[in-house]
Amino acid sequence: MSSAPYLKKSGEAVFQDAFHTRASSLVAPWDGSPVQGVGLIGAPLSKSSISLSGAALAPAAMRRALSYFSAWAVEEGIDLKRARLTDFGDILMHATDIVESQRRIGETVGSVLADNPEVMPIVLGGDHSVSAGAIAAFAKAKGRVAVVQFDAHHDVRNLEDGGPTNGTPFRTLIETGVLRDGCLLQVGIRNYANSPVYTDYVKAHGGTILTMRAVRAGNAATRIAEWVESIRSHVDAVYVSLDMDVLDQAFAPGCPAIGPGGMDSATLLECISTLAAMPAVKGLDIVEIDPTLDIRDMTSRVAAHVILNFLREKTRMAVGGMPMG
Ligand code: CA
């Protein structure tokens, strides 16, 4: 028996409240057996960014941010303490070869989906270039896909000027035929962050654009859900690509491309919950967080809520729509 009862061991919780489950404790490393449910795959690549970016550090920051929150969703009355978030770990990047790193992302996401056909991946970027390989692999595994992209930018720069960067993923997906006409919805595109050439390109390829003006008009989640319903019968699965710079700079200081006039975090979280509650939505990525620019992990904390909302709705679906207690 210790003679110093108030001496806490390193790493030991301050309070031993059995009813207080940390969200980070839901994360379990992949043991190699087939996984159902939601799984994390880290894609720590940001050398492909047009501007200087430390987004390669974001997968670790997002996992750490889960430790700031509990597993109790009081608003829905759902306790996630028995839910599991399988962690497949991080994809090993080549030290200097960007295209090889992007190839590894596609290959790894593809093999995870081949080994675990029921898993719903959350790819943790990295910059937005990681989405091209991840979505191509997702489409190879699932069939025809539609994408809901939350972003301030169109991300359809040409590939000739700088190769595959964080400005090109959706151009790549359109030009390689992964995203066919009518299968891309861009949400949160805003002023002074794009060129008319790119807006025209998206429209010419059948993309739908919900600008920030449309988001501010209200009912964004409903409008997104209506779009998904409208293309549902034409695709096999829907993937959500979340560039955190869709948020206003006040909500996402840790993005390399910050700016005013963006989405608020409550609206984003409602949109993610609505999408996650749709069975057709089977994959997600979260990109463009640079932890070296962030303030008190504000941006990674939003990502943690996005992960938990996605997990909550998919878990609720798995247990037949009944609240878990
Ligand atoms: Ca982007």
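Please read all numbers here as calculations on a predicted model, not as lab measurements. For ligands, and for the atoms within them, numbers begin at 1 and follow the listed sequence. In what follows, residues are counted from 1 in the order of the sequence shown.
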**Request:** With sequence neighbours excluded, give me every salt bridge (Lys or Arg N to Asp or Glu O under 4.0 Å) pair touching residues 239-265.
**Result:**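 Non-adjacent pairs meeting salt bridge (Lys or Arg N to Asp or Glu O under 4.0 Å): zero.
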**Request:** For residues 89-107, pull every pair meeting salt bridge (Lys or Arg N to Asp or Glu O under 4.0 Å), keeping only residues two or more places apart or in separate chains.
**Result:**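 Listed once each, the pairs are Arg63-Asp90, Glu100-Arg103, Glu100-Arg104, Arg103-Glu107.
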**Angle in degrees, rounded to 10°, that ND1 of His128 and OD2 of Asp151 form at the Ca ion (ligand 1)** =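 Angle OD2(Asp151)-the Ca ion (ligand 1)-ND1(His128): 80°, rounded to 10°.
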**Asked** Where does the angle between the aromatic ring planes of His128 and Phe170 fall among parallel (under 30°), tilted (30 to 60°) and perpendicular (over 60°)?
**Response**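 Plane angle over 60°, so perpendicular.
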**Prompt:** Below 3.0 Å, any N, O or S contact between Asp155 and the Ca ion (ligand 1)?
**Reply:**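 So Asp155 does bind the Ca ion (ligand 1) by this criterion.
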**Prompt:** Has Arg22 got more than 12 heavy atoms of other residues, nucleotides or ligands less than 6.0 Å from its CZ?
**Reply:**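 Count over threshold, so yes.
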**Prompt:** Can you name the N, O or S atom of Asp243 that is closest to the Ca ion (ligand 1)?
**Reply:**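 Atom name returned: OD2.
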